[in-house]
Amino acid sequence: MLFDELNLIEPILKALQTEGYTQPTPIQEQSIPTILQSKDLLGCAQTGTGKTAAFAIPMLQLLHNPHANVKGKTPIRALVLTPTRELAIQIEESFKAYGRNLPLRHLVIFGGVGQKAQTDALHRGVDILVATPGRLLDLMNQGFVSLRDIEIFVLDEADRMLDMGFIHDVKKVIAKLPTKRQTLFFSATMPSEIQKLANTILINPTKVEVTPVSSTAEKIQQAIYFVEKNNKKDLLIHLLKDKEIETALVFTRTKHGADRVVKELLKVRIKAEAIHGNKSQNARQRALTNFKSKETRVLVATDIAARGIDVDELAHVINYELPNIPETYVHRIGRTGRAGLSGTAYSFCDAEEREFLADIEKLIALKIPVAEDNPYAMSWQGLMAKAATPAKSKGRGGAGGRSAGPRNGGARGGNGGGNGGQRKADREPNLSGAKRSPKPARKA
């Protein structure tokens, strides 16, 4: 199927043609007709499958009214709620690209920056608002944002909202929405808490599910490197000696860990930058821009920033530290192998992370192959001896399973029973992981 078979209006088809998009991805093919019928939708698909275009394209068509009265302030007619600043910016850029030939106004608002530019734009009038929960509630409380005219509400990356402790903020926003509206609910995974939330805000939704929940992209080549913790930096430098790795997205669990990895890479003249919650918004955007243009070879990120990292032809993701939440592994490596293209994901595993690896392999129903080219391989005797040490709590939200708050466990523990020894300033919520390769006809 092609986009011009989805009953889209000419201005949107022209914009998609300008972007080089011809064929919709499966979630776009299934979602767009349902949304155009003004029905509620529950979308479940792994990262990199084109969820943003799946809701942005039909929303633009529904909101477009060539006979609308343009006099006076434009009320906010659509709201997209998403967990991170990077992802919010990316979504607003998509609305700009697909709606370039339409007279609709869109705005992105998020915290970490001054609010004046955002409030000035709100005063001029906005059709589509993309927002993170904290800044949205702040501006609502100040009287700058009214949700009484919302026609379409999108909750994007719902599972990450839960992980980051935003679930109560989300409920506060939903309480201010008109009862009569269209609701689109998207999540990469569907834990019970998210399913319950979906049941409370959706009315007879159409369910669109693409690829098994928590599956990893088929075209991502995965490998595990067993290595002592203090040898990880040397292993990373060794791998980056391969000139075929043009760029690499490297994941750590903590902000200070990301900064340490960057420092080690700079010592050996490998250009690297870090992106995490302690960085200002301008610094994060600058680092991401440098990485996309390949001016920076290695971007070291914590999970908080990963969902907004969408880089064309990113071939390599490296898990410098394994995540203590198995779903996070799926999101991380989903930064590569996007849009049906191939990618490679390397993961380092020390003795203390063996239990994390076991959980990951159970989730993805796959035994990750052990890398053969490992000059820093941990001896099996030493590995098994350390693995025999009684495991500590992994912070899955206490004895009852998952908590509604951030799941931030450090290398040895989590928030179920403390912070695993991590300093409070160094903890971040776990989030996700982008890529592509030779370019066929592009998909949105």
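The CD1 atom of Ile128 sits 8.5 Å away from the CG atom of Leu102 when rounded to the nearest 0.5 Å. In this structure, Ile194 CD1 and Asn199 CG are separated by 11.0 Å, a value rounded to the nearest 0.5 Å. Considering NZ of Lys176 and CG of Leu137, their distance stands at 9.5 Å, rounded to 0.5 Å. Considering CG of Asn324 and CD of Glu352, their distance stands at 12.5 Å, rounded to 0.5 Å. Going from atom CG of Asn319 over to atom NZ of Lys232 covers 9.5 Å, rounded to the nearest 0.5 Å. Annotation: the span from Thr82 atom OG1 to Glu92 atom CD amounts to 12.5 Å, rounded to 0.5 Å.
Applying side chain to side chain contact (heavy atoms under 4.5 Å, CB included) to Arg181 and the options Leu79, Ile152, Ile201 leaves one that passes, Ile201.
For Thr206, the side chain to side chain donor-acceptor pair (under 3.5 Å) criterion is met by no residue, not counting sequence neighbours. In this view, Asp120 and Lys116 satisfy the side chain to side chain donor-acceptor pair (under 3.5 Å) rule, not counting sequence neighbours. Qualifying side chain to side chain contact (heavy atoms under 4.5 Å, CB included) partners for Glu5, counting only residues two or more places apart in sequence or in other chains: Met1, Leu2. The ring-ring contact (aromatic ring centres under 6.0 Å, His included) test applied to Phe55 returns Phe186, not counting sequence neighbours. Residues that satisfy the ring-ring contact (aromatic ring centres under 6.0 Å, His included) test with Tyr346, not counting sequence neighbours, are Tyr225. Qualifying side chain to side chain contact (heavy atoms under 4.5 Å, CB included) partners for Thr132, counting only residues two or more places apart in sequence or in other chains: Ala88, Phe110, Arg135. With sequence neighbours excluded, the residues that form a side chain to side chain contact (heavy atoms under 4.5 Å, CB included) with Arg105 are Arg124, Asp127. Applying the side chain to side chain donor-acceptor pair (under 3.5 Å) criterion to Gln115, with sequence neighbours excluded, gives Gln142. For the side chain to side chain contact (heavy atoms under 4.5 Å, CB included) test, residues two or more places apart in sequence or in another chain that qualify with Gln285 are Glu86, Ile89, Gln281, Leu288. Residues passing the side chain to side chain donor-acceptor pair (under 3.5 Å) test with Glu151, sequence neighbours excluded: Arg77. Among residues two or more places apart in sequence or in another chain, the salt bridge (charged side-chain N to carboxylate O under 4.0 Å, His left out) test is passed with Glu93 by none.
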Handout entry: Working for side chain to side chain contact (heavy atoms under 4.5 Å, CB included), residues Leu139 and Gln118
Key = CA-CA 9 Å; Leu139 295 184; Gln118 297 174 5; 4.1 Å; yes

Handout entry: Pair Glu264-Leu236, side chain to side chain contact (heavy atoms under 4.5 Å, CB included): steps then yes or no
Key = CA-CA 10 Å; Glu264 293 296 336; Leu236 179 60; over 6 Å; no

Exercise for the section: Given salt bridge (Lys or Arg N to Asp or Glu O under 4.0 Å), test Glu361 with Lys367 step by step and report yes or no. Expected result: CA-CA 6 Å; Glu361 292 181 330; Lys367 193 77 174 175; 3.5 Å; yes

Exercise for the section: Could you go through the salt bridge (Lys or Arg N to Asp or Glu O under 4.0 Å) check for Arg297 and Glu246 one step at a time? Expected result: CA-CA 7 Å; Arg297 186 183 178 201; Glu246 289 187 67; over 6 Å; no

Exercise for the section: Would you please test Lys51 and Asp156 for salt bridge (Lys or Arg N to Asp or Glu O under 4.0 Å) and show each step? Expected result: CA-CA 9 Å; Lys51 284 180 289 188; Asp156 191 32; 5.2 Å; no

Practice task
Could you check Phe166 against Leu81 for side chain to side chain contact (heavy atoms under 4.5 Å, CB included), going step by step and ending with a plain yes or no?
Solution key: CA-CA 11 Å; Phe166 286 146; Leu81 201 60; over 6 Å; no

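Taking the charged nitrogens against the carboxylate oxygens, Glu295 and Lys271 do have a contact shorter than 4.0 Å, which makes a salt bridge.
Listed here is the closest heavy atom pair of Leu6 and Pro24: CD1-CG, 4.1 Å. Minimum interatomic distance between Asp149 and Pro75 (heavy atoms only, all atoms of both residues): OD2-CB, 3.4 Å. Between Gln28 and Ala53, the shortest heavy-atom contact is NE2-CB, 3.5 Å. Of all heavy-atom pairs between Val126 and Ala121, the closest is CG2-O, 3.7 Å. Summarising the geometry of Phe356 relative to Leu322, their closest heavy-atom pair is CD1-O, 4.0 Å, with the distance given to 0.1 Å. When all heavy atoms of Ala258 and Thr302 are compared, the pair lying nearest together is CB-CG2, 4.5 Å.
Side-chain atoms of Ser293 come within 3.5 Å of backbone atoms of Asn290 as a donor-acceptor pair (strictly under, hydrogens ignored). Arg100 places a side-chain N or O within donor-acceptor distance of the main-chain N or O of Ala97, the cut-off being under 3.5 Å. One N or O on the side chain of Thr254 and one on the backbone of Gly257 form a donor-acceptor pair closer than 3.5 Å. Side-chain N or O atoms of Thr336 include one that pairs as donor or acceptor with a backbone N or O of Leu314 at under 3.5 Å. The main-chain N or O of Ile35 is found under 3.5 Å from a side-chain atom of Gln182 such that the two form a donor-acceptor pair. Between the side chain of Asn101 and the backbone N or O of Pro11, at least one donor-acceptor pair lies under 3.5 Å. When atom types are taken as modelled, the side chain of Asp138 and the backbone of Gly134 share no donor-acceptor pair closer than 3.5 angstrom. Without hydrogens or angle criteria, Gln222 side chain to Ile333 main chain gives no donor-acceptor distance under 3.5 Å.
No side-chain heavy atom of Leu249 sits under 4.5 Å from any side-chain heavy atom of His316. You'll find the side chain of Tyr329 reaches within 4.5 Å of the side chain of Ser347, heavy atoms only. Side-chain contact between Glu353 and Arg253 is present, with heavy atoms from C-beta onward closer than 4.5 Å. You'll find the side chain of Leu36 reaches within 4.5 Å of the side chain of Gln61, heavy atoms only. Counting heavy atoms from C-beta on, the side chains of Val210 and Val208 come closer than 4.5 Å. For the pair Leu62 and Met59, the minimum side-chain heavy-atom distance is 4.5 Å or more. In this structure, Phe3 and Ile57 have side chains that are in contact, with non-hydrogen atoms separated by less than 4.5 Å. Considering only heavy atoms from C-beta on, Val300 stays 4.5 Å or farther from Tyr320 through its side chain.
Looking only at atom types and distance, the side chain of Glu321 has no donor-acceptor partner in the side chain of Thr252 under 3.5 Å away.
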Show me, pair by pair, the donor-acceptor contacts under 3.5 angstrom made by side chains of residues 38-45, not counting sequence neighbours?
| from | atom 1 | to | atom 2 | distance (Å) |
| --- | --- | --- | --- | --- |
| Lys39 | NZ | Gln37 | OE1 | 3.2 |
| Asp40 | OD1 | Thr183 | N | 2.9 |
| Asp40 | OD2 | Ile203 | N | 2.8 |

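When the shell of 6.0 Å around CG of Asn7 is examined, it contains 12 or fewer heavy atoms from other residues, nucleotides or ligands.
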